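What follows is one structure encoded as structure tokens, with my remarks underneath.
Note that this is a predicted model, so its numbers are computed, not measured.
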Amino acid sequence: MKLCSLAVCLSLLSSLWAQSLPDTPPETQHSPISPRPRIGLVLEGGGALGLAHVGVLKWLEENRIPVDLIAGTSMGALVGGIYASGESPAQIEALIRAIRWNEVLRGSTPYRDLSFRRKEDRRDYPNAFEFGLKAGAQLPSGFNSGQQVGLILDRVGLPYSQMKSFDDLPIPFRCVATDLVSEKPYVLDHGSLAEAMRASMSLPAFFTPVHDGRRVLVDGGLLDNLPVDVAQQMGADIVIAVHLKVAPLDTKTPLSTVGVLERSASVSISVNELRSMEKADILLTADTEQFDTTDYKLFDKIEAEGYKAAQSKSALLSRLQVDENQWQQILHSRNARRKPVPVPQFIEVAGARGDILKGLQHELSGLAGHPIDPHQLDEKMMGVTGLGRFARAGYRDVLQDGQHGIEVDAEEKDYAPPTVHPALVIDGSDYKNVLFEVGGRVTFLDLGGFASEWRSDFIAGSEYGLKTEYFHPFTSYTHWFVAVHGTADSSPFFVYQRDKLLGEYRNRVMGGGIDFGYTFGRGAELRLGYEAGYRKINEDVGTPVVPEVRGRFGVTTLRYRLERFDDPMIPRQGARMESTFKFYDTAPGTLSVVPAEELRLGLAQRTSQKSSVLLFASGGTSFSTRDTGFPLFSLGGPLRLSAYGTNELLTNQYFLLQPAFLYRLRQLSPLLKQNIYLLTIYEAGKAYGQPAATAKVAQDATVGVLFQTLFGPMFFGGSLGDSDHRKFFFRVGRFF
């Protein structure tokens, strides 16, 4: 590896000679023929290891080492592109620290940003899988659409949307991607700065590729992770390259599927890195082998390694130092080339048509005429993807008739709609009688107008049936809606006495109804509706515990639901509430009208990075009505007095309190959001109208391990209660 060729030595001598001369006027110093060599900085890709680049930039600025051009790949493209846009190392550090990296790398739209109906999807089908039926069954082209990464890059690139070449940036810039069509590296030097950086960072299979019509672009590290050649082609006299040292593979360490994919890619990357390292004039090697590519939370330590790498070559780098007067002139020149963020006078939406276009323009119209608030703009973009139709939504500045505006690019999912959310549920409430269910939810979007949809649930196994609903807002701009729904379902209803199965009932329902309602933003919904149909509840196995009922039913329902939890599977923060009032004008097994109310409440408060306290409470009543046919409520079973047998306490009135403590034992994968938690729950509840022996307040305590996986939550644990109640149980697919 050559550190200083003859040409480089001459350049360094030229630099020293230039610094010994008297100060020259600014116009001479910035003329095309400058005595100072052009310094190119090349930044390598490496995920979180690339945070070391910030430390390098910090050292260079502290020691007045100018950077005249930058080339980068992947994370090096992100840091290099931000620096090239005129941001200082301190500003880059502040931006990177503000990023929720786990959310960014996970890729899915955060639960809080989903529309209320998409929250229902994630709550009812709490796994990470979604595929489409747009052109046959098709999975996404990447786990991560790049939406949140794209918003970070859009913010950086917004002032330079009208730029014709990356040479027009405060510091000329290039980044490298891999073109899957030509199977060659592709250097991005013009167009959208944000899209260029996103293409360079699009790790195959994890991030969705960037399509530009002729090319399919993915992470440039596959073919040119340290683009020294690119900096040389830009005219650099001296190339400073920053290499990120990766830990060698330990043959004794087991590898996951993701780990094998990572190490396989790194074999190709290390080969092209070696060629580039040999071409560099000054090589800075950051000792980052003790870190992982997802260790973004260790910013300080990784940045420090970059700073140390530059410090270790201070004797060589100091020859490139300029005096204070020259340094201030360089900074002044960069700042003069920075572009302000314009105030948008109009909003345009690309990538949508018809009612969808009108609906999005209405949603975003409030942005026009006001200075851009990056957080508000990001929130609006996340709201677009939260609708479920679009893979990502980005923005850029456009100029029409002398006025600046914002063009929002809403990129539709290439595999959907319709979308399919699959489900696998294993219920081990009784490990001797394990129940299985498989199914899915199919959703057709925008049928009959913007935000209208037809959603159907199919399920087979211990429960089988079909539930379908057509949801239609009154207009594209209103929160008022009408929903028509139908059900044909057969589900088991087990009644236990401790571990003994007393009776196995079958609950068969066929009916339909119509609801009118109002959606309160993304977090709440109110519905009033009427449903009618036929219900039959009869015993298949065992001794009758309650009499069989069958016949027509008609019920008016008023339901309010609030969803403010931060996660549908395992909440760490927020609140959830559901209030349901029902008035049966007719019901099988009774000749009287039956009113009923049930309230369910959930609260979660994070107490530390690893722990949260939770409180669940619920209660139901049929008021003074006793003749309800089949009992309306029950206690017993997981999270309903877990130590008791499933549906052991049948009742028309109850309450249940459940304080809980959740502690994260281990983080398996921040990228895929896989964690292991210890869960402890205390339960106290009462079912009214019971025999004297069971009329008291029942209590138990549950301890178990809760796994957060791609397939949904998995719980294994046991519960110990009063009156000699105890149980071991497990559940896969759904829990809270």
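- Considering every non-hydrogen atom in both S74 and S200, the closest pair reads N-OG, 2.8 Å.
- In terms of the side chain to side chain contact (heavy atoms under 4.5 Å, CB included) criterion, residue partners of T385 (sequence neighbours excluded) are, by chain and number, T109, Q147, M382, A393.
- The side chain to side chain donor-acceptor pair (under 3.5 Å) test applied to R118 returns D121, E453, not counting sequence neighbours.
- Listed here is the closest heavy atom pair of S202 and R198: OG-O, 2.7 Å.
- Every side chain to side chain donor-acceptor pair (under 3.5 Å) that D113 has, sequence neighbours left out, goes to R522.
- Here salt bridge (Lys or Arg N to Asp or Glu O under 4.0 Å) pairs that include residues 156-166, with residues two or more places apart or in two chains, number zero.
- Pairing each heavy atom of R392 with each of G150, the nearest pair is NH2-CA, 3.7 Å.
- Here the shortest heavy-atom pairing between R155 and P374 reads NE-CB, 3.5 Å.
- Qualifying salt bridge (charged side-chain N to carboxylate O under 4.0 Å, His left out) partners for K339, counting only residues two or more places apart in sequence or in other chains: none.
- Counting heavy atoms from C-beta outward, S85 and R338 have side chains that stay 4.5 Å or more apart.
- Remark: the Y307 side chain and the E62 side chain contain an N/O donor-acceptor pair separated by less than 3.5 Å.
- In this structure, K413 forms no cation-pi arrangement with F390, as its terminal cationic atom is not both closer than 6.0 Å to the ring centre and no more than 45° off the ring axis.
- Side chain of N335 to main chain of H332: no donor-acceptor pair is present (N/O by atom type, distance under 3.5 Å, no hydrogens or angles).
- Within the 4.5 Å cutoff, the side chain of L57 has heavy atoms near those of the V79 side chain.
- For D167, the salt bridge (charged side-chain N to carboxylate O under 4.0 Å, His left out) test picks out R174, with sequence neighbours left out.
- With a 4.5 Å cut-off on side-chain heavy atoms, Y677 and L665 do not count as touching.
- Note: F173 and F166 have tilted aromatic rings, judged against thresholds of 30 and 60 degrees for the angle between ring planes.
- In this structure, P209 and V216 approach most closely via the heavy-atom pair CB-CG1, 3.6 Å.
- Crowding of Y663 atom OH: a count of heavy atoms from other residues, nucleotides or ligands under 6.0 Å not exceeding 12.
- Closest approach of P227 and D224 over heavy atoms only: CA-OD1, 3.4 Å.
- The only option from D219, L226, L43 that meets the side chain to side chain contact (heavy atoms under 4.5 Å, CB included) definition with T73 turns out to be D219.
- Listed by chain and number, the residues in a salt bridge (charged side-chain N to carboxylate O under 4.0 Å, His left out) with K380 amount to none (sequence neighbours excluded).
- With sequence neighbours excluded, no residue satisfies ring-ring contact (aromatic ring centres under 6.0 Å, His included) with F299.
- Every residue two or more places apart in sequence or in another chain that forms a side chain to side chain donor-acceptor pair (under 3.5 Å) with R215 is listed here: Y186, D212.
- Counting heavy atoms from C-beta outward, L49 and M75 have side chains that stay 4.5 Å or more apart.
- Side-chain contact check for I240 versus V42: every heavy-atom pair is 4.5 Å or farther apart.
- In terms of modelled atom types and a separation under 3.5 Å, the side chain of H53 and the main chain of E44 share a donor-acceptor contact.
- Pairs of residues two or more places apart, or lying in two chains, never qualify as side chain to side chain donor-acceptor pair (under 3.5 Å) while including a residue from residues 364-373.
- With no hydrogens or angles considered, no side-chain donor-acceptor pair links S318 and S314 at under 3.5 Å.
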Chi angles and distances behind the salt bridge (charged side-chain N to carboxylate O under 4.0 Å, His left out) call for E407, R396: CA-CA 5 Å; E407 181 182 81; R396 66 188 186 97; 3.0 Å; yes
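- At a threshold of 4.5 Å between non-hydrogen side-chain atoms, the residues R334 and I171 count as touching.
- R572 and S612 share a side-chain donor-acceptor pair at under 3.5 Å.
- Under the 4.0 Å criterion applied to side-chain N and carboxylate O atoms, R36 and D68 are assigned as salt-bridge partners.
- Inter-residue side-chain proximity for V67 and Y83 is flagged as met; some heavy-atom pair is nearer than 4.5 Å.
- N63 is not listed as a side-chain neighbour of L317, based on a closest heavy-atom distance of 4.5 Å or more.
- Under 3.5 Å, the side chains of E348 and Y395 contain no donor-acceptor pair of N or O atoms.
- Applying the salt bridge (charged side-chain N to carboxylate O under 4.0 Å, His left out) criterion to R97, with sequence neighbours excluded, gives E93, D300.
- F661 pairs by the ring-ring contact (aromatic ring centres under 6.0 Å, His included) definition with nothing, not counting sequence neighbours.
- The pair E563-R576 meets the salt-bridge criterion, since a charged nitrogen lies less than 4.0 angstrom from a carboxylate oxygen.
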